[in-house]
S.K.: 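Once you've had a glance at the structure underneath, I'll fire off some questions.
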Amino acid sequence: MTGTSTPPQPAYESFYRGTVPPPTLQDFGDGIFAYLHHDGSWGLNNCGFVASGGDVAAIDSTLTEQRTRVLVETIKSVTGANPRTLINTHHHSDHTFGNSQFAGATIIAHTRCRDAVIATGLAPVKTDPLVPWGDLRLAPPTLVFEDIIDLYVGETHAELIYLGPAHTDNDIVVWLPDRRILFAGDLLFNHATPIITDGSLSGAERSLERMAALNPEVVVPGHGIVAGPELIGEWESYFRFLRRLAADAVAAGLTPLATAREADLGEFGEWQHPERLVLNLHRAMAELTGTPPGYKLDNPHPFGEMLELSPSAYGHKIIEGSEHYQYDPPTGSEC
Ligand SMILES: [Zn+2]
């Protein structure tokens, strides 16, 4: 690839990242389940489903055909029914690429999620040819909304609330007020570094305030294991740190990459993917210097700088026993 705004292309062998255990199901009672892909690193998202009175709604699909097939089979075997509704918390590939396997389901999302699914298409497939994508077909959301809608799944009331721009410009959460359970999508991870390159720092801070105001007892993050509302406070601390670092860097005339190289992450250095700091600095520094939230950043390419900062940072792990890389790892790789 040529041009100054494209990321450096690492050798494919750096994308071999090893295997993770199969996904697990967490039962909250009343037909409410979280479906967790371990270990929550790139592409390994969490899903969920709600079943009541013979009706089933699922929350997010997955990155690959095989992963989504296992998810749909699990939902059918646990609930005895086909999901009639699929909710996409945002447009990213790990939450939407499996959409087409929810045959006949109404797919609900924010208006801009549908736009982004269509605009992005299946392009991410080309960036990592090792991933066992399977037979993916684009299936954009079919029912879209702007601010909030109420969804009734049998007896269970769910509020779908737009809280972006934050992680992207189309983030929604699924809030079950009667059980105080929050499916947060990628507005929260558990002990993994946030990503706001496609979204907004001020928007992410606002999304935390709004999630805190819901007063959840259980939080199902977009990646990582289920937790409580303490995740909100942890991300508030990270964004305070990020805002301060970005403001200092702007004042000193430093670049995001130079700032990330020198930054002392402290406790946040123990979270998964600390190198995402450079992605977040790009957004935070752009916003502090007047770039509107959600405005596309591509020069220089923040993702390329993340790979420069940590060449082995990116790549998709696959699920032990059910997935195989499309090519064999070269001898000496970390698999
Ligand atoms: Zn995402």
Side-chain angles (χ1 to χ4, degrees), residues 23 34-48 58-64 67-68 71 86-99 107-110 112-125 127-128 131 133 136 138 140-141 160-174 182-201 203-204 207-208 211 219-225 231 235 238-239 271-273 275-280 282-283 293-294 296-297 302-303 306 313-317:
Y35 182 92
L36 309 172
H37 279 111
H38 307 284
D39 57 358
S41 57
W42 289 103
L44 289 158
N45 66 311
N46 291 333
C47 309
I59 301 161
D60 281 335
S61 62
T62 85
L63 185 73
T64 72
R67 270 176 222 178
T68 313
L71 166 65
L86 170 66
I87 299 158
N88 286 153
T89 58
H90 63 293
H91 75 280
H92 282 159
S93 53
D94 46 341
H95 300 258
T96 59
F97 266 18
N99 278 3
I107 305 175
I108 308 180
H110 189 267
R112 281 192 294 275
C113 176
R114 174 181 162 84
D115 297 344
V117 164
I118 293 168
T120 309
L122 299 174
V125 167
T127 64
D128 193 343
V131 172
W133 302 99
L136 297 175
L138 204 63
L160 280 48
I161 311 169
Y162 172 61
L163 293 185
H167 172 67
T168 67
D169 68 356
N170 58 79
D171 310 293
I172 65 166
V173 297
V174 180
L182 177 68
F183 288 86
D186 285 1
L187 296 184
L188 287 171
F189 303 150
N190 192 338
H191 288 93
T193 308
I195 310 169
I196 56 163
T197 1
D198 293 344
S200 164
L201 173 57
S207 77
L208 295 177
M211 286 189 282
V219 174
V220 182
H223 295 254
I225 59 174
L231 292 188
W235 273 31
Y238 181 87
F239 289 131
W271 290 1
Q272 202 175 38
H273 298 305
E275 68 282 350
R276 288 173 180 164
L277 175 64
V278 72
L279 303 181
N280 297 329
H282 269 280
R283 174 57 61 186
K296 190 166 165 47
L297 304 176
F303 217 82
M306 183 184 74
Y314 187 68
H316 289 93
K317 293 177 185 171

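Along the sequence shown, the residues carry numbers beginning at 1. Every value quoted in this text rests on a predicted model; they were computed, and no experiment measured them. Just follow the structure's listing: the first ligand is 1, and inside any ligand the first atom is 1.
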S.K.: Look up atom CG in N99 and atom CG in N88, then write down how far apart they are to the nearest 0.5 Å.
M.R.: 4.0 Å

S.K.: Using the rule ring pair (Phe, Tyr, Trp, His ring centres under 6.0 Å), only one of H37, H191, H95 pairs with H223; which is it?
M.R.: H95

S.K.: Which distance, rounded to the nearest 0.5 Å, do you find between the OG of S207 and the CG of D186?
M.R.: 11.5 Å

S.K.: Using the salt bridge (Lys or Arg N to Asp or Glu O under 4.0 Å) definition, which of the options D198, D169, D171 pairs with R112?
M.R.: D169

S.K.: What residues form a side-chain contact (heavy atoms from CB on, under 4.5 Å) with S41, not counting sequence neighbours?
M.R.: D39, L44, Q272, H273, K317

S.K.: I'd like to check L277 versus T193 (side-chain heavy atoms, cut-off strictly below 4.5 Å). Are they in contact?
M.R.: no

S.K.: For the Zn ion (ligand 1), which protein N/O/S atoms are closer than 2.8 Å?
M.R.: H90 NE2, H92 ND1, H167 NE2, D186 OD2

